[in-house]
Structure formats: structure tokens, C-alpha cells
A.B. asks: 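My questions all concern the structure below.
Chain identifiers are assigned alphabetically (A, B, ...) following the order of the sequence lines, protein sequences preceding nucleic acid strands; residue numbering begins at 1 within each chain.
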Number of protein chains: 4
Amino acid sequence: MMRKLDPVKHEEKRQQILQAASRCFMRDGFRGASTSNICAEAKISPGHLYHYFSSKEAIVRAMAESRLAQAAEHLGTTARGPDVVTAFLEVIESGVGVREPSANALMLDLLAESARNPAVGGILRENHREMRTLLADLLRTGQERGQIDLTLDPDVATSILVSFVDGAKAMMIRDPDLNPAKSIEMLKTAISRFLRAPAVANSE
Amino acid sequence: MMRKLDPVKHEEKRQQILQAASRCFMRDGFRGASTSNICAEAKISPGHLYHYFSSKEAIVRAMAESRLAQAAEHLGTTARGPDVVTAFLEVIESGVGVREPSANALMLDLLAESARNPAVGGILRENHREMRTLLADLLRTGQERGQIDLTLDPDVATSILVSFVDGAKAMMIRDPDLNPAKSIEMLKTAISRFLRAPAVANSE
Amino acid sequence: MMRKLDPVKHEEKRQQILQAASRCFMRDGFRGASTSNICAEAKISPGHLYHYFSSKEAIVRAMAESRLAQAAEHLGTTARGPDVVTAFLEVIESGVGVREPSANALMLDLLAESARNPAVGGILRENHREMRTLLADLLRTGQERGQIDLTLDPDVATSILVSFVDGAKAMMIRDPDLNPAKSIEMLKTAISRFLRAPAVANSE
Amino acid sequence: MMRKLDPVKHEEKRQQILQAASRCFMRDGFRGASTSNICAEAKISPGHLYHYFSSKEAIVRAMAESRLAQAAEHLGTTARGPDVVTAFLEVIESGVGVREPSANALMLDLLAESARNPAVGGILRENHREMRTLLADLLRTGQERGQIDLTLDPDVATSILVSFVDGAKAMMIRDPDLNPAKSIEMLKTAISRFLRAPAVANSE
DNA sequence: CATGAATGAGCTTTCATTCAT
DNA sequence: CATGAATGAAAGCTCATTCAT
């Protein structure tokens with residue numbers, strides 16, 4: 001009795017539940033997935049869920065946090081290398097879940113939810129700010145090295161780059177029969193042309 | 001004589017309900033909005049809704065159809081003018097609902113729904129196919145006139161351009177405090193550089 | 001304007017609607033069939049139904065009345081001939097809707113409804129009384145002619161005979177793969193033995 | 001230790017609910033009784049019903065199953081004794097719910113439902129098959145002992161006997177003021193004459 | 001820690017009925 | 001006569017959440 005047992009195990013279970021929830025959310029969306037679904041998937045009883053999360057919304061929040069943190073971390077480890085443009089291209093390529101339509105759908109769900117659910121919105125924005133800081137620094141480095149157009153405002157350009165990833169996710173849903181290799185290739189072309197210092201005699 | 005009372009009025013009411021539904025969906029999403037909400041918004045009784053739509057899903061479908069048709073039509077009327085690149089820029093600019101976060105959220109909801117709801121998915125894809133045909137033709141015209149890079153595959157480039165619009169909608173949600181003018185400007189730069197024939201001596 | 005037009009046509013339409021209702025009730029039962037179903041089947045508008053019947057219950061009542069009257073009339077015309085037992089056998093044979101499972105189901109529905117719905121119950125009982133009077137008279141005739149066992153109380157025996165018809169209807173539902181010819185034959189045997197004067201030296 | 005809390009209690013509650021449902025169905029019929037009625041009668045909340053039954057239809061099915069099994073079991077224990085005809089008479093007498101009009105109505109409802117609802121129909125037929133097997137065996141025994149007419153096909157005669165019970169239930173509804181003792185007595189006469197070996201010099 | 005019984009509000013949908021035209 | 005728009009109660013069912021054990 002009365003054992004304050006193992007906060008480690010507690011956290012482990014929490015993560016397991018979160019992963020189960022993630023699978024449910026991917027399959028059915030935030031609203032479509034029920035706590036029953038999640039409990040079944042996590043193999044726990046309906047009541048027990050509330051030992052780990054105070055409400056369904058708390059799960060959604062935690063999910064958003066973890067997904068976004070993960071995305072940011074992924075980005076942080078990818079965005080490396082001597083050539084900054086190449087680094088960006090890699091970021092974009094790996095950011096688009098080429099053959100994970102449900103993961104893409106979940107991100108769109110999350111964005112839609114953000115526009116309506118202040119808590120989730122806050123998480124998203126905070127995370128976005130971090131990502132942008134990270135990317136903007138990388139951009140500036142590229143500009144210093146002459147690899148990237150000096151006229152681009154790093155902060156704004158960064159938003160655009162992130163939007164390209166979101167847009168590519170949407171693209172995969174809009175046309176699932178699309179040849180993803182070709183599309184990604186062309187997206188990389190677009191980004192290349194966007195970031196690189198324009199040629200001398202270009203008439204824009 | 002003069003019996004068959006007014007299929008016109010019927011259609012009018014249907015549209016009114018659809019608009020009410022649209023407002024609800026923008027506010028709460030497809031799943032979050034209830035038929036009760038919609039009826040209240042449309043000021044009709046709960047039973048009467050089913051005089052006009054056979055199910056909530058039918059409303060969602062009709063909504064998706066009308067929204068997407070509207071978007072396509074808007075695009076059709078916007079994509080005109082002597083300079084094709086300029087036409088595209090206008091398309092993009094007007095395509096992004098700069099200060100309509102709920103409309104943007106609805107589109108993302110629709111995309112997420114498309115990935116899970118086959119009926120909605122079918123509508124989205126059919127519509128997307130039409131839009132791409134239209135845009136691809138415009139692109140080819142531009143290529144004939146030498147305004148657009150001949151090396152771009154029109155079909156793939158079109159998908160990319162559409163993805164930019166979707167991405168921009170996401171951007172507005174990710175960072176509502178963004179200066180939209182600046183972002184749009186930079187997006188236009190990106191598109192310009194993407195589409196225009198690259199300068200002679202450019203080293204990519 | 002202001003024409004008190006044709007009570008004949010009115011009655012005709014009423015009968016048409018009643019027949020349509022009959023079809024619906026056979027298909028779906030009294031509770032399962034909706035006024036919409038009936039209107040669709042009768043090809044009239046939902047509101048117009050109430051020109052002919054004041055409520056769904058009124059339709060059910062009229063239906064019960066017409067069905068039962070029909071059954072009684074049918075019985076009246078069948079129960080004829082020199083040999084009374086033969087006449088009864090014919091009554092029974094034609095009373096069982098051998099290959100009309102939905103008509104049989106409807107009769108059982110009507111009986112169940114009778115036990116709960118006083119109005120329908122009253123109709124059923126009134127009708128049953130009439131039928132029994134008719135059959136009891138026939139029975140008495142048979143007894144006078146020495147064709148039927150004199151020890152049978154005509155009133156009670158009549159109830160039993162009617163119950164045999166109801167039971168046969170249930171039998172058709174209980175076992176649809178039954179050979180109806182054989183069953184009917186055996187039922188007739190049972191009735192014969194029941195009605196006929198028992199042989200002299202029989203040891204019961 | 002001692003976890004897995006009581007599948008016994010679960011089953012108990014299930015039976016309680018089933019009995020409550022039974023009362024409702026008797027009062028209002030399968031279609032007339034609502035899940036709300038049943039919940040109120042069982043003193044549980046509307047949602048909780050679905051902890052024990054997956055749908056209203058599942059309740060109807062379980063009810064049909066239990067009622068019919070009960071009837072069959074009852075029959076099995078009644079159909080005993082040295083004289084087979086007497087055994088049959090007892091079966092019939094106890095099979096007719098003389099003073100339980102609502103139970104009789106429920107059986108007719110069940111038969112009507114069987115003709116339309118395939119699930120219920122299947123249950124009824126399976127049960128009927130079992131009952132007939134049992135009764136047919138008894139009949140054959142009687143034939144071996146010379147108590148029952150050898151010319152009767154046991155399978156067909158069995159169907160007839162069951163139909164007599166169903167018919168008697170209908171009789172109770174058709175004429176509630178009937179003297180049940182007299183009717184049952186006459187029904188028993190009919191069955192006696194039907195089953196017994198006919199006397200030598202009988203002229204059929 | 002963990003279960004699953006229990007709740008009650010709310011969901012989508014159907015239905016008998018009324019009424020303006 | 002006839003239509004079909006309109007109503008509102010009620011149906012079957014789901015869901016997030018709580019609580020006794």
C-alpha cells in the first residue's frame with residue numbers, strides 16, 4: 001500500500017498510450033477517434049485512461065506537442081551540412097511524408113484544430129516559432145556564405161519554406177496517384193531557385 | 001394549372017441551408033458541427049433538414065462540391081491576362097484567404113476529411129483534376145510565349161503551384177501575427193523564380 | 001370551386017390507398033410501415049393522406065376491418081355444399097395462405113396488435129363473433145344431418161376450427177420449407193376425425 | 001489477486017435487463033417498445049444498455065432465443081409418462097398461456113417478426129426444428145406402443161400439433177371472454193381423435 | 001494501479017401530423 | 001383536391017467522463 005511507485009514506468013505507459021492515440025488519430029482524426037478506441041488500442045480500461053490524462057483534450061494537446069517537437073527535432077538534425085541549400089532540400093524532402101497519407105492527414109487535422117482550439121493553437125504557434133528560429137539561423141548562415149540570396153528576409157523566407165512542406169502534404173492527399181519522386185524533384189527545383197542568389201542578368 | 005410548386009424555391013432554401021452549414025463548418029469543423037447547430041443557424045426544425053439533404057454526409061459532400069467548384073471558377077476567371085506569370089501570381093494571391101482564418105481552416109479540414117472519407121475524397125480529386133487541367137493549359141501557353149521555363153513539366157508544376165496555395169493557407173494558421181503582405185510578396189517571388197525561364201548563365 | 005365532388009371517386013381513392021397500405025403492412029408490419037411509405041406506394045402526397053384518413057391508426061383500423069370482412073365473406077361463400085365436413089375442409093384449406101408468407105405474417109401482426117390496441121381488438125372480436133355465428137350454424141346443420149358428432153358444442157368447436165386456421169398460418173412461418181400439401185392433408189385428417197361422429201365401438 | 005471482477009454479475013444484470021425488456025415487449029410489442037422504455041423498466045441509464053447488448057436487435061434476438069429455449073425445455077420436461085397421447089395433451093395444455101394474453105401476443109409478435117427479420121427467423125426455425133425432433137421421437141414411441149395411429153407421418157403430425165398450440169394462443173386473443181377450460185377440453189378431444197389409432201369399422 | 005459499471009448529454013435520423021398555398 | 005414545406009417529439013445509439021471496488 002501507499003507506494004509512490006516509479007514515475008519512470010508511469011511516463012513509459014503515458015508514452016505508450018500516446019502512441020496508441022496517435023494511431024487512432026491518424027486513422028480517424030482528432031474528432032473521429034474516441035477515447036474508447038484509444039483505450040482499446042492501448043489495451044487499457046476506459047477508466048484507467050484518466051490516470052494518465054485528465055481529458056481527451058489533454059491527449060490531443062500532448063499529441064500535438066509530441067508530434068511537433070518530433071518534427072522540430074527531426075528538422076534540427078537534418079538541417080546540417082556544408083551547403084545550406086542542400087540542407088534545406090533535405091529538410092523539405094524528409095518533411096513530406098511521401099507515402100504516409102494518414103500522417104499527412106493528421107497534420108492537416110492538427111492545423112485545422114489549431115485554428116479553433118486555442119490550446120492546440122498555442123502549442124502549434126510556439127513550436128512554429130522555434131522551428132522558424134532554427135531555420136532562420138541556418139538561412140542567415142547560408143547568406144553569410146554567399147549560398148543564399150541576400151535580399152531574402154530570413155524570417156519571412158522561413159515561413160514560406162515551412163508552408164512548402166505543409167503544401168506538399170496537401171498535395172499528396174489531393175492527388176494520391178501522383179508520382180511523388182517527380183513532384184518532390186520539382187519542389188526542390190522551386191526551392192533551389194527561390195533561395196539561390198539570382199544570376200546577374202536576370203530580369204525580374 | 002401552375003401546380004408543381006417551385007423547384008426554384010426549393011433550390012433557394014437548399015442554398016440557404018448550405019450557407020448556414022458552411023458557417024457552422026467554418027466555426028466548428030465538419031465533425032464538430034452538429035445537424036442541430038446547422039438547423040439552428042438555418043432557422044429550420046431538426047426534421048426539416050432531411051427534406052433537403054438525405055444525411056449529414058450529403059451536406060458535407062454538397063459543401064465540398066460547392067466550395068471547390070467556387071474555388072475552381074474563381075481560378076478560371078482570375079487566370080487571365082497577357083503575361084502568364086503575372087496571371088499565376090494573381091491566382092495565388094487571391095487564392096490565399098489572407099484574413100479569413102476560418103475559411104482556411106475549413107479547407108484544411110476538407111483535405112483531412114478527404115483522406116478518410118472516400119466520397120469527399122472523390123469530389124476533391126475530381127475537382128483537383130479540373131483545376132490542374134486549366135492551370136496546365138495556361139502554363140503551356142506561357143511556355144509557347146517564352147514567358148515560362150520550357151524545362152518544367154506543366155502537369156507536375158501545376159501540382160506544385162496548387163500546393164503553394166494550400167501551404168499558404170496553413171501558414172496563415174501557423175502564424176496569425178504574420179505580416180501577410182510581406183509573406184505573399186515573398187511567395188510571389190518564389191513563384192516568379194520558379195516559373196520564369198532561368199537566366200542564361202545561371203549555375204544550377 | 002366549391003364542388004362537393006363525387007363521393008364515389010372519394011371512396012375509390014380510399015380503397016386504393018387502403019390497398020397500398022395493405023402492401024406496405026404486409027412488407028413491413030403495422031409498426032414498421034410509415035405513412036410516408038404508404039403515401040409513396042399510393043402515389044399521393046403526405047398531406048393528402050389526411051383527406052382520406054384521420055390518422056395512421058384509422059388506416060390500421062380500416063385495414064383490419066377490410067381484411068377481416070374479406071376473410072369472413074370468403075368463408076361465407078366457401079362453406080357450402082351437401083356434405084358439411086367437406087365444406088369445412090374447404091374452408092380451412094382456402095383459409096390458409098399456403099404460399100403467402102407476408103399475408104400470414106400480417107394476420108399474426110393483426111392478432112398481436114389486437115391484444116394491445118383496443119380499437120383493433122374490438123374490430124377483431126366483432127368480426128370473430130360474426131364468423132363464429134356463421135360457422136356454428138353450419139355445424140348445427142351438419143349435426144342435424146348426422147354428418148357431425150352430436151356431442152360437440154357448436155360454439156366451442158367453431159373457435160377450435162378458427163384456431164386451426166390461425167395455427168396453420170403460424171406453421172407456414174415456423175417452417176417455410178415445409179411441404180404444404182402434406183401438411184394441409186394431415187390438417188384435414190385431423191379436422192375430419194374431430195368433426196365426424198365417432199365410430200360405435202371406439203374406446204376413448 | 002481476485003481481480004477479473006465477476007462475469008457472473010455481468011450475466012445476472014444481463015438477465016435482469018432481458019426480463020425488463022420482456023415485460024416491455026409484452027406490453028408494447030417488439031417495435032412498440034423503445035430502448036428508453038426498457039432502460040426505465042430496468043432502472044439503468046440509456047447509455048448503459050449498450051454495455052450489455054450491442055443493439056436493440058440484439059435484445060430482440062436474445063429475447064427470442066430465451067423464450068423459445070424456455071418453451072422447448074418446458075416441452076421436454078412435460079412430454080413424459082406411460083401414455084403418449086396423455087403426454088401430448090399435457091404438452092398442449094401447458095403450452096397455451098390460458099390467462100396470459102400478453103405472453104400470447106408476444107409469441108404472435110415473434111412469429112410476425114420472424115417472417116420479416118431474418119435473424120429472428122433463423123432463431124425461430126432452429127428452435128422449431130429441435131422441438132419437432134423431440135416431439136416426433138415421442139410420437140414414434142407412441143406408435144411402437146400401439147397408442148398412436150401408425151398411418152400418421154410423425155414429422156408432419158408434429159408440425160400440426162405445434163400449430164395447434166399457436167392457434168390456441170390466437171384463440172385466446174380472438175375471444176378473451178371465451179371459457180378457456182371448455183376450449184382446452186375440446187382441443188384435447190380434437191388431438192385425441194387425431195392421434196389415436198382409428199377404430200376398426202370407421203368410415204372415413 | 002486498474003477495472004468496468006454507470007451516467008447523462010448529445011448525436012443523427014425518422015416519423016406522424018399540420019398548414020399555407 | 002392536392003402539394004410539399006414545416007414541425008417537434010422521440011427514436012436508437014455514442015461518447016467523454018466518473019466512481020465503487
Side-chain angles (χ1 to χ4, degrees), chain A residues 1-6 9-10 13 31-39 43-59, chain B residues 2-7 9-10 13 31-39 43-59, chain C residues 1-6 9-10 13 31-39 43-59, chain D residues 2-7 9-10 13 31-39 43-59:
Chain A
M1 307 293 151
M2 213 189 107
R3 32 189 174 152
K4 188 68 190 157
L5 201 41
D6 234 330
K9 280 210 170 174
H10 185 89
K13 193 82 192 172
R31 308 295 250 255
S34 72
T35 52
S36 303
N37 294 158
I38 295 169
C39 289
K43 280 163 193 157
I44 59 171
S45 65
H48 200 34
L49 184 66
Y50 290 80
H51 259 297
Y52 298 94
F53 297 94
S54 63
S55 68
K56 186 184 176 185
E57 231 234 279
I59 303 178
Chain B
M2 215 184 110
R3 269 284 149 72
K4 269 292 161 225
L5 210 35
D6 257 323
K9 278 210 171 173
H10 186 89
K13 192 85 191 176
R31 309 294 250 252
S34 74
T35 52
S36 303
N37 294 157
I38 295 170
C39 289
K43 279 166 193 152
I44 59 172
S45 65
H48 199 33
L49 185 64
Y50 291 81
H51 219 59
Y52 297 95
F53 297 93
S54 63
S55 67
K56 187 185 175 186
E57 231 232 279
I59 303 178
Chain C
M1 306 293 148
M2 214 188 103
R3 33 190 174 150
K4 188 69 190 156
L5 202 41
D6 234 331
K9 280 209 169 174
H10 185 88
K13 192 84 191 172
R31 309 295 248 255
S34 72
T35 52
S36 303
N37 294 158
I38 296 170
C39 289
K43 280 166 193 156
I44 58 170
S45 65
H48 199 34
L49 185 65
Y50 290 80
H51 259 292
Y52 297 95
F53 297 94
S54 64
S55 68
K56 187 186 175 183
E57 231 234 279
I59 303 177
Chain D
M2 217 185 106
R3 269 285 149 73
K4 268 291 163 225
L5 210 33
D6 260 321
K9 280 211 170 173
H10 185 90
K13 192 87 192 172
R31 310 293 251 254
S34 73
T35 52
S36 304
N37 294 159
I38 296 170
C39 289
K43 279 166 194 154
I44 59 172
S45 65
H48 198 32
L49 184 65
Y50 292 81
H51 220 58
Y52 297 93
F53 297 93
S54 62
S55 66
K56 187 186 173 183
E57 232 233 275
I59 303 178

A.B. asks: Quick one: side-chain contact (heavy atoms from CB on, under 4.5 Å) partners of B:S34, sequence neighbours excluded?
C.D. replies: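 side-chain contact (heavy atoms from CB on, under 4.5 Å) check on B:S34 returns B:S36, B:N37.
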A.B. asks: Compare every heavy atom of D:C39 with every heavy atom of D:P46, then report the nearest pair and how far apart it is.
C.D. replies: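 Shortest heavy-atom separation between D:P46 and D:C39 comes out as CA-SG, 3.6 Å.
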A.B. asks: How long is the line joining CG of C:L49 and C1' of F:dC1, in whole Å?
C.D. replies: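 Checked: the CG to C1' distance equals 14 Å.
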A.B. asks: At less than 4.0 Å, is any side-chain N or O atom of C:Y52 found next to OP1 or OP2 of F:dA2? Yes or no.
C.D. replies: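 Indeed, a polar side-chain atom of C:Y52 lies that close.
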A.B. asks: Here's a test of your reading of the structure: between D:S45 and A:K43, which maps to the more 5' nucleotide of DNA chain E?
C.D. replies: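 This one resolves to A:K43.
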A.B. asks: Please find the pair of heavy atoms, one from B:Y50 and one from B:K56, that lie closest to each other, and give the distance.
C.D. replies: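 So the minimum-distance heavy-atom pair works out to OH-N, 4.5 Å.
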A.B. asks: Could you state the NZ-C1' distance from B:K9 to F:dG4, rounded to the nearest angstrom?
C.D. replies: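 Taking NZ of B:K9 and C1' of F:dG4, I get 13 Å after rounding.
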A.B. asks: If you write DNA chain E from 5' to 3' in dot-bracket form, with Watson-Crick or G-U pairs under 3.5 Å, [ ] for crossing pairs and | for pairs with another strand, what do you get?
C.D. replies: .||||||||||||||||||||
A.B. asks: State whether C:H51 places a side-chain N or O below 4.0 Å from either non-bridging phosphate oxygen (OP1 or OP2) of F:dA2.
C.D. replies: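 The answer is no; no side-chain N or O of C:H51 sits under 4.0 Å from OP1 or OP2.
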A.B. asks: Where do N or O atoms of nucleotides 13-15 of chain F meet protein N or O atoms at under 3.5 Å, pair by pair?
C.D. replies:
unit_1: F:dC13; atom_1: OP2; unit_2: D:Y50; atom_2: OH; d: 2.8
unit_1: F:dC13; atom_1: OP2; unit_2: D:K56; atom_2: N; d: 2.7
unit_1: F:dC13; atom_1: O5'; unit_2: D:Y50; atom_2: OH; d: 3.4

A.B. asks: Assign B:I44 to base, sugar-phosphate, or nothing according to its heavy-atom contacts below 4.0 angstrom with the strands shown.
C.D. replies: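 It contacts sugar-phosphate atoms only.
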A.B. asks: Could you tell me which residues satisfy side-chain contact (heavy atoms from CB on, under 4.5 Å) with C:H51, sequence neighbours excluded, listed by chain and number?
C.D. replies: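 Expected list: C:H48.
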A.B. asks: According to salt bridge (charged side-chain N to carboxylate O under 4.0 Å, His left out), does anything in residues 44-55 of chain A pair up with another residue at least two apart or in another chain? List the pairs.
C.D. replies: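 Qualifying pairs, neighbours excluded: none.
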A.B. asks: Got a sec, which residues hit side-chain contact (heavy atoms from CB on, under 4.5 Å) with C:S55, two or more places apart in sequence or on another chain?
C.D. replies: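 Result, side-chain contact (heavy atoms from CB on, under 4.5 Å) vs C:S55: C:E57, C:A58.
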A.B. asks: Using a heavy-atom cut-off of 4.0 Å across all strands, would you classify D:F53 as base, sugar-phosphate, or nothing?
C.D. replies: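 Counting heavy atoms under 4.0 Å across all strands, no contact is made by D:F53.
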A.B. asks: For the atom pair CD1 (D:I59) and CD1 (D:I38), what is the distance rounded to the nearest 0.5 Å?
C.D. replies: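 If we round to the nearest 0.5 Å, D:I59:CD1 and D:I38:CD1 are 4.5 Å apart.
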